[in-house]
Amino acid sequence: MRPETPHDETVPHSHPDPSVDPHAPLADGGRALRVGIGGPVGSGKTALVAALCRALGDELRLAVVTNDIYTTEDADFLKRNGVLAPERIRAVETGCCPHTAIRDDISANLDAIEDLEDALGPLDLMLVESGGDNLTATFSKGLIDYQIFVVDVAGGDKVPRKGGPGVTTADLLVINKTDLAPMVGADLSVMDRDARARRGTLPTIFLSIAEDRQAQPVADWIRHLVGHRRPGQVTVG
Amino acid sequence: MRAHARLSAEADGRGGTRLSRLRAESPLLLRQTGATGGTVTVHLVGGAAGPLGGDDLRLDVAVGPGAALCLRTVAASIALPGRRGERSQYTVSVTVAAGGVLHWLPEPTVAAAACHHAALATVDLEQGASLVWRDELICGRHGEQPGDLTVSTRVRYAGRALLHQTLEIGPGADGWSGPGVLGGARATGSLLRVAPHEPPVAPRLLGPTAVWMPLAGPAALITATADTSQRLRDYLDAALPALADT
Amino acid sequence: MDTTALLLADGRFPSGGHAHSAGLEAAVAAGQVNGLPELETFLRGRLATAGRVAAAFAAATRRVAADEPEPAATVTLLDEELDARTASPALRRASRRQGRALLRAGRATWPAPLLNRVPAHPDGYHHPVALGLTAAAAGLSPADAALIGAYGVLTGPASAAVRLLGLDPYGTQALLARLAGACDAVARAAVADAALPPADLPAHTAPLADIHAENHATWEVRLFAS
């Protein structure tokens with residue numbers, strides 16, 4: 001182990017104080033905006049992360065934490081697809097409980113985020129992808145600032161009506177695979193109507209990542225959030 | 001039986017090693033059996049008759065600056081019960097000075113039925129000392145369940161703890177043969193290599209039940225379990241082939 | 001044992017433990033644990049090895065952290081002694097990761113000035129040391145720290161076994177209840193040990209703990225972090 005010296009505040013040290021409230025006011029040049037991406041298995045979470053990496057990788061300092069139930073599977077997908085340098089991706093093991101790792105006990109994710117920040121320096125955007133779970137899985141506000149919930153058309157047009165915390169409270173609902181709607185007999189207008197009823201003024205985006213490889217509307221939504229945190233811009237609290 | 005043996009090795013000033021002290025006491029009988037390439041080899045010839053319940057055996061070994069000693073035994077030690085279930089103890093104290101080298105390569109210890117034995121070793125290495133330390137334990141003779149046996153090894157390097165492990169087997173050690181400790185293996189052992197002048201090794205799997213691990217200090221440890229003593233030896237030797245013929 | 005102790009002992013205390021199986025995932029994969037009988041011997045072995053060490057170091061750290069005016073050097077020494085007792089680098093990593101997570105949760109839950117007398121460790125303290133520090137911050141006794149340490153060694157892999165093997169949860173709880181006496185005994189012995197110099201604290205080890213941990217660390221696909 002490394003030699004230890006008494007804590008000296010005059011010496012810059014790289015580990016954030018674990019007792020700092022992650023929701024302290026976000027000062028200019030503060031920590032990265034943390035966006036959680038959740039949703040059921042197969043809805044396209046990893047595809048969305050890959051699309052956002054393509055869209056934003058050159059303009060933002062970006063890193064990704066994945067929580068796939070199979071450790072490194074999502075991280076490997078991202079690396080294989082070359083959308084982000086491997087050192088910008090961390091995988092978190094969740095012990096068969098993906099929802100626990102993003103909601104009830106967020107410590108492994110916080111560690112992964114700290115490690116990425118230590119290794120890479122200041123970042124603009126940290127994407128935290130949950131493991132595929134069910135409609136009730138949401139992120140802790142101790143872990144992320146905003147969350148995106150991804151469902152897909154192929155899961156049936158009743159999903160928005162069923163609601164659940166993800167559909168109802170996510171800061172952005174993404175309904176993916178719109179290109180499949182005719183094939184699975186899903187009515188997008190029904191989904192839109194139900195989503196509005198469930199979500200009030202919270203935004204919903206219909207998307208086909210298969211066709212829009214950079215998920216442009218979602219990337220724009222994130223650009224807007226990050227822009228608000230840049231120096232000289234309005235700070236969100 | 002009580003015995004206290006002492007062995008000291010010093011550099012002879014001509015690139016070799018000489019034994020400056022060799023005080024043996026039965027059953028800890030020591031014989032110099034070789035001197036090649038600057039290394040003196042000493043065999044402990046007391047071997048197979050014990051330790052027996054009630055025995056209190058001590059061995060002190062000192063390796064001076066620049067000296068190189070290899071210590072072996074001629075046969076496995078079989079820990080046997082005393083008549084009244086007394087405990088036996090074998091205490092080894094070792095110091096190796098800077099630039100000194102010790103290869104501690106005894107044959108296995110066998111825990112016989114109803115034994116009550118403890119093998120306790122403390123090794124103090126000065127900065128720059130080198131060590132190879134082999135520990136092999138066989139749980140019972142053929143078809144026999146072992147008695148209680150403890151092997152405890154503590155190694156310090158440059159004044160700091162480097163490795164400290166205590167393994168307990170036998171009826172007094174809860175769960176010792178289960179999947180958390182030995183997984184039913186009859187043989188287990190380790191080989192510690194302290195090599196301060198070599199670059200650190202990466203962790204390596206040597207087989208389904210054998211691993212080579214870098215320690216937190218300038219050393220690596222192979223730990224293995226096996227069905228037989230020969231398989232165990234193969235695991236411990238295979239990782240360090242150069243040591244097989246020292 | 002009071003409510004504060006129960007909070008810290010609770011598996012729901014958010015300190016990252018749910019992602020660790022303490023070698024059970026590897027033991028299951030090796031075909032050595034398939035059901036409750038093997039789980040029992042697994043847990044008994046863990047308790048007699050890792051449990052004794054964890055309980056003693058937690059109690060010793062709690063004693064030093066709360067009772068000594070300048071605990072930093074001894075806490076660092078206790079942490080180094082745990083390095084020497086943890087041959088497997090994968091286990092050292094897992095222990096420090098869990099220690100880091102525990103201390104994060106502990107500081108947020110019980111923000112005691114006493115923790116400022118101990119320097120931060122860049123990789124996180126070993127889990128038993130972090131447990132002792134958290135117990136000190138929470139105002140718990142060395143006996144509490146020892147018991148929570150031993151208890152965690154049992155309940156962590158037991159909970160993982162329910163998830164990995166689909167074991168009957170009632171059967172698993174009944175097994176834990178049968179082990180309660182052994183767990184109490186380990187904690188009591190640890191309290192007695194806690195006054196010893198760090199070098200003389202228990203060092204009980206299990207070859208398969210190292211072997212399983214190193215194997216597990218090489219897997220491409222795994223559910224648990226250790």
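All values reported here derive from a predicted model rather than from experimental measurement. Throughout, protein chains are lettered first and strands after them, A, B, ... in sequence-line order, and every chain is numbered starting at 1.
- Contact count against chain C (heavy-atom pairs under 4.5 Å) is highest for B:P179 among B:G178, B:P179, B:G180.
- Residues of residues 178-199 of chain C having a heavy atom under 4.5 Å from any heavy atom of chain B, listed by number: C:A199.
- B:A224 touches chain C through its backbone: at least one of N, CA, C or O sits under 4.5 Å from a heavy atom, while the side chain does not.
- If you tally non-hydrogen atom pairs under 4.5 Å between each of C:A217, C:G45, C:A84 and chain B, the highest count goes to C:A84.
- Counting heavy atoms of neighbouring residues, nucleotides and ligands inside a 6.0 Å radius, atom OH of C:Y151 does not exceed 12 of them.
- The ring-ring contact (aromatic ring centres under 6.0 Å, His included) test applied to C:H216 returns C:W219, not counting sequence neighbours.
- Every residue two or more places apart in sequence or in another chain that forms a ring-ring contact (aromatic ring centres under 6.0 Å, His included) with C:F13 is listed here: C:W110.
- Of the possible polar contacts, none joining the B:W133 side chain to the B:W104 backbone as a donor-acceptor pair under 3.5 Å is found.
- Counting heavy-atom pairs closer than 4.5 Å to chain C, the top-ranked of the candidates B:L221, B:L167, B:V155, B:T188 is B:L167.
- Residues of residues 134-148 of chain B never come within less than 4.5 angstrom of chain C, heavy atom to heavy atom.
- Ranked by heavy-atom pairs shorter than 4.5 Å toward chain B, the options C:A30, C:A203, C:A206 are led by C:A203.
- At distances below 3.5 Å, not a single donor-acceptor pair connects side-chain atoms of C:T86 with backbone N or O atoms of C:R92.
- Judged by distance alone, the side chain of B:T223 and the main-chain N or O of C:P207 form no donor-acceptor pair under 3.5 Å.
- If you measure heavy-atom distances from C:S88 to chain B, the contacts under 4.5 Å come from both the backbone and the side chain.
- Looking at B:R156, neither its backbone nor its side chain comes within 4.5 Å of chain C, counting heavy atoms on both sides.
- For B:E168, the part lying under 4.5 angstrom from a heavy atom of chain C is the side chain only.
- Here the side chain of C:E38 pairs a donor or acceptor atom with the backbone of C:G35 at under 3.5 angstrom.
- Counting heavy-atom pairs closer than 4.5 Å to chain B, the top-ranked of the candidates C:L39, C:N215, C:L208 is C:L208.
- Residues C:R163 and C:E25 are not paired through a salt bridge, judged by the lack of any N-O separation under 4.0 Å between the basic side chain and the carboxylate.
- No side-chain donor-acceptor contact under 3.5 Å links B:R87 and B:H116.
- Contacts with chain B were tallied for C:L43, C:L47, C:T205; C:T205 has the most, counting heavy-atom pairs under 4.5 Å.
- Between C:R96 and C:D83, at least one side-chain N (NZ, or NE/NH1/NH2) sits under 4.0 Å from a carboxylate O, which counts as a salt bridge.
- The main-chain N or O of C:G17 is never found under 3.5 Å from a side-chain atom of C:Q98 such that the two would form a donor-acceptor pair.
- B:R2 and B:H4 form no side-chain donor-acceptor contact under 3.5 Å, judged by distance and modelled atom types alone.
- For chain C, the nearby part of B:L205 is the side chain; its heavy atoms alone come within less than 4.5 Å.
- C:S95 places no side-chain N or O within donor-acceptor distance of the main-chain N or O of C:L91, the cut-off being under 3.5 Å.
- Under a cut-off of 6.0 angstrom, the local environment of CD in C:E68 is crowded, with over 12 non-hydrogen atoms contributed by other residues, nucleotides or ligands.
- Neither the backbone nor the side chain of B:A220 comes within contact range of chain C; no heavy atoms are under 4.5 Å apart.
- Of the possible donor and acceptor atoms, none in the side chain of C:D79 sits under 3.5 Å from a partner among the backbone N and O of C:V75.
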